[in-house]
Amino acid sequence: MSDQVKFVLDETHIPKTWYNLTADLPKPPPPVLHPGTKQPVGPADLEPLFPMELIMQEVTGERYIDIPQPIRDVYRMWRPSPLIRARRLEQKLGTPAKIYFKYEGVSPAGSHKPNTAVAQAWYNQQAGIKRLSTETGAGQWGSSLAFAGSLFGIDVTVFQVRVSYDQKPYRRALMETYGARCIASPSNETDSGRAILKQHPDSPGSLGIAISEAVEVAAKDPAVKYSLGSVLNHVLLHQTIVGQETIEQFAMAGDDPDIIIACAGGGSNFAGLAFPFLGLQLRGGRKRRIIAVEPAACPSLTRGKYAYDFGDTAHLTPLVKMHTLGSTFIPPGFHAGGLRYHGMSPLVSHAKELGLIEARAYHQTTCFEAGVEFARCEGIVPAPEANHAVRCAIDEALRCKKEGKAETIVFNLSGHGHFDMQAYINYFEGKLVDQNYDEKELAMALAGLPSVAA
Ligand SMILES: *Cc1c(COP(=O)(O)O)cnc(C)c1O
C-alpha cells in the first residue's frame, strides 16, 4: 500500500446514472398512503407539490436513472469530491484500522445537499416552474436550493426554523446572497404558521412546522412547487453519486471498506454513501457493516416507532411508513446540529427493518469532542451533523485497536462547519447540554400517530 492520502477522480468520472436501491431490495418498501382514504397515493396526488419527472423517480423500480447532462455540467463545479485517508488521525489514535472519509464539504454550499438541489431545480425549470418553496433547519438545505435556484432562474422561498434563523445569521445571509427570500418559521404567512403562533407565540419552530408552511404555500399556488432536501426516495437517489464515486475511489486506492458510516437526519447523506455499496451486496457481493448515526436528542431510528406517520406537523403531507418520534414531537431547542427531524427516510427505515443496516445514537458533546480531534489532525472543521459520523468512525477505530484488527472504515464527511462556529464556541465554553428527549412528550407524540389498518 502506498502512502497516498487523497484519491481524486477527474470530471469524466462523474457518474452518468443515479442508483435506485429499491430495484435490489428483497422486499419492496410499504406504499405511501393518502391521509384521507388511507389508500396508496398515485402520481397525480403528488402533482401539486412536485414536477412529474421527480414523482416518477419517487416511485420507479428501475435500477439506474440517467443523469441529464445539464445537471452533470453543474456537478463539474465540485465533483467528483475527494476520498481522503485520515492518516494523521489514525496515527493519533494508534489504531491498526484505516480511516477514510468522503468529503462533501467541497460543494459551493459546503455540504452534500447541492447534489439533489441542482437536480431538483433543473427538473422544476424543465417543467416551467418559476418559484420553489422549501424549509430549512440549520440552513444548509436552504442555501443549497438557493444556490441551485440561482443557476436555473428559479425564485426560492425558504421557511427557516426560528431557532436557527436567530442563531445563524450567516446562513441567512448566504441564502440571500444567492437570491432567496428567507422567512422565520413559524410565520404569519401561512395558516399552519399562524395556528402554531396562536398556541405558542415563542415557538422555536421545528422542521415539521417549517415543512407544513412550505407545503402549504406550494399546495395553494399552482405556479409554485415544493422541494425537500432529504427523506424522499428521489432525494436519496440523487445522493447516490457519492457512494458510486467512493466505490471507484476505493478501487484506485486498492482498498475496500469493511465499515461504512454516515450521520442520519432525514437519511440522505447516509443513503448516498451506503446504498451503492448495499446494492453490490444485494446483487451477491460481500457483506459490510453499515452504520447510521443519529443524535441522542432526536433518536428516530434507534428509539422511534416504525409506523405510518405524517411528514409534517400540520398534517398536510401523505402518510409514509418510517421510524418516527411522532409528527408533533419538537426536539430540544438548544441542539447544535441540523439532525432534528421527527422522522427518518422510509427507504432507510425499511433497510433497517430488513436488518441491512445498523443504527447508533450519540450525545452532542462527545460528537464535538470527536470533531475537534479530527480537525486538529486533518485540518477540516466538520459540520456539527457530520461530527456524529466522526465520533462513530473514531469509536470503531478504537475498537479495532483493542481487538487488534486492521479493518477499513469509511465515513461521509457530509459538510464543513464554517457556518456553525457558534456551536463550536458554545462547546468550548461548556454550554452544550446533552439533552435526552423527553419520554413523556415522546409518549404523547406517539399516541397521536394516525391509525392505519395493518
Ligand atoms: C442536512 C445535513 C445533514 C442531515 O441530512 P441527511 O439528509 O440525513 O443527510 C447532515 N450533514 C450535513 C452537513 C447537512 O447539511
Side-chain angles (χ1 to χ4, degrees), residues 81 101-117 120 134-147 158 160-161 164 168 171 174-175 207 210-211 227-243 260-275 291-295 298-301 311 322-323 331 335-349 351-352 357 359-362 364 367 371 374 380-392 411-420 423:
S81 67
F101 60 97
K102 176 73 167 164
Y103 186 40
E104 287 296 309
V106 292
S107 80
S111 76
H112 65 290
K113 291 202 171 74
N115 296 335
T116 184
Q120 293 190 45
T134 195
E135 71 289 326
T136 198
Q140 277 136 332
W141 171 243
S143 34
S144 300
L145 194 66
F147 154 66
V158 184
Q160 184 171 13
V161 175
S164 116
K168 301 193 167 176
R171 273 283 167 199
L174 182 60
M175 291 185 250
L207 268 182
I211 292 174
S227 181
L228 187 63
S230 187
V231 178
L232 298 176
N233 298 348
H234 69 267
V235 179
L236 273 54
L237 179 81
H238 299 155
Q239 293 295 350
T240 58
I241 49 177
V242 175
I260 296 163
I261 297 167
C263 67
S268 74
N269 89 86
F270 169 76
L273 177 66
F275 282 6
I291 311 174
V293 193
E294 59 182 10
C298 193
S300 50
L301 260 184
M322 60 181 175
H323 289 90
H335 190 273
L339 310 173
R340 300 174 75 244
Y341 186 57
H342 68 270
M344 178 53 62
S345 142
L347 210 45
V348 172
S349 295
K352 172 79 170 30
I357 63 168
R360 189 179 292 186
Y362 283 114
Q364 58 179 347
C367 294
F374 179 84
I380 299 169
V381 180
E385 298 86 349
N387 281 342
H388 292 74
V390 178
R391 173 78 271 160
C392 183
F411 71 91
N412 199 349
L413 188 53
S414 51
H416 66 64
H418 296 175
F419 287 95
D420 305 289

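For ligands, and for the atoms within them, numbers begin at 1 and follow the listed sequence.
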Locate the shortest heavy-atom distance separating [X] from [Y]; write the atom from each residue and the value.
X: W141; Y: S227; value: CZ2-OG, 3.4 Å
X: V348; Y: G267; value: CG2-O, 3.9 Å
X: V293; Y: H388; value: CG1-O, 3.4 Å

Identify, by atom number and element, the atoms of ligand 1 in contact range of [X], meaning under 4.0 Å from any of its heavy atoms.
X: S414; answer: 10 (C), 11 (N), 12 (C), 13 (C)
X: A264; answer: 8 (O)
X: S230; answer: 6 (P), 7 (O)
X: H112; answer: 2 (C), 3 (C), 9 (O), 10 (C), 11 (N), 12 (C), 14 (C)
X: G415; answer: 13 (C)

Is [X] close to ligand 1, meaning an N/O of one under 3.5 Å from an N/O of the other?
X: F270; value: no
X: G266; value: yes
X: E385; value: no
X: G265; value: yes

(message) Could you go through S414 and H112, starting from their C-alpha distance and side-chain angles, then the distance that decides it, and tell me whether this counts as side-chain hydrogen bond (donor to acceptor under 3.5 Å, both in side chains)?
(response) CA-CA 6 Å; S414 51; H112 65 290; 4.6 Å; no
(request) Compare E294, K113, Q140 and give the one whose heavy atom is closest to atom 3 (C) of ligand 1. (result)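 Heavy atom nearest to atom 3 (C) of ligand 1 belongs to K113.
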(request) Look at the rings of Y103 and F101 and say which category their plane angle falls in: under 30° parallel, 30 to 60° tilted, over 60° perpendicular. (result)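 Answer is perpendicular, since the angle exceeds 60°.
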(request) Show your reasoning for whether side chain to side chain contact (heavy atoms under 4.5 Å, CB included) applies to R171 and L174. (result) CA-CA 5 Å; R171 273 283 167 199; L174 182 60; 3.7 Å; yes
(message) Using modelled atom types and a 3.5 Å cut-off, is there a donor and acceptor pairing between side-chain atoms of Q140 and backbone atoms of K113?
(response)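 No; judged by distance alone, with no hydrogens or angles, the pair does not exist.
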